[in-house]
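Each ligand, and each atom within it, is numbered from 1 in the order the structure gives. The chain is numbered in sequence order, starting from 1.
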Amino acid sequence: MNLKSEPVFNLFQETGAYLRGHFRLTSGLHSHEYLQCAIVLQHPDHAQELGAGLAAALRGVGVAEVKVVASPALGGVIIGHEVARALGARHIFTERDPATGKMILRRGFKVDPGETAVVVEDVVTTGGSTRDVVEVMREAGANVVAAGSIIDRSGGGADVGVPRVSLAILNVVTYPPDNCPLCQEGIPLTKPGSRPTAS
Ligand SMILES: [Zn+2]
């Protein structure tokens, strides 16, 4: 694990959010390590601290007056809420339409024309979710000025169409399923994102 922010990594380690084992990532690749943001974010104090850090990082790229923070549910909701608290903004979230799979605003969430917005999620891997939320917010009339995540698993490469910040850049060693040393050792494979707690 190469993580360019020791305080954030320490927080993940202290709370047990840094998992070691044999994991199938969303990409389909296998890895021996995984960061589970929900484990850190279950602690309101840590969530608030990370939100304040991300708000500061957003100010660092010129974000000033933000009216609304938008996040993709579920993963982005807690951190987005805390970034909104730190920026003095409100927080809304997008969901996938069960019928079409398209990202949409539900629950009566609305954006005023030209409202300044940032998009926040927990982890950026390819940047796909963040790009989807940027697009939803633009269609709703917002002026999206930046995006942020706690963890950047793209190694800094993901392009979401607006300036992007993260608290930690992570380079995970991954293996294709047909050439994975952990598979060859017969270590059971888990899919950490959706793994039931009591197992
Ligand atoms: Zn494997």
Report the distance from atom [atom1] of [X] to atom [atom2] of [Y], rounding to the nearest 0.5 Å.
X    : Y    : atom1 : atom2 : answer
I79  : E121 : CD1   : CD    : 11.5 Å
L105 : E139 : CG    : CD    : 9.5 Å
I92  : R107 : CD1   : CZ    : 12.5 Å

- If waters are left out, how many protein N/O/S atoms lie within less than 2.8 Å of the Zn ion (ligand 1)?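 If we list every protein N, O or S atom nearer than 2.8 Å to the Zn ion (ligand 1), we get 4.
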
- Query: Residues in side chain to side chain contact (heavy atoms under 4.5 Å, CB included) with D159, at least two apart?
  - Reply: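 By the side chain to side chain contact (heavy atoms under 4.5 Å, CB included) rule, D159 matches no residue at all.
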
- Item | S129 side chain vs V124 backbone, donor-acceptor pair below 3.5 Å |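 Here the side-chain-to-backbone pair does not exist.
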
- Message: Between E185 (side chain only) and L182 (backbone N and O only), is there a donor and an acceptor less than 3.5 Å apart?
- Response: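 Between the backbone of L182 and the side chain of E185 there is no qualifying donor-acceptor contact (under 3.5 Å).
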
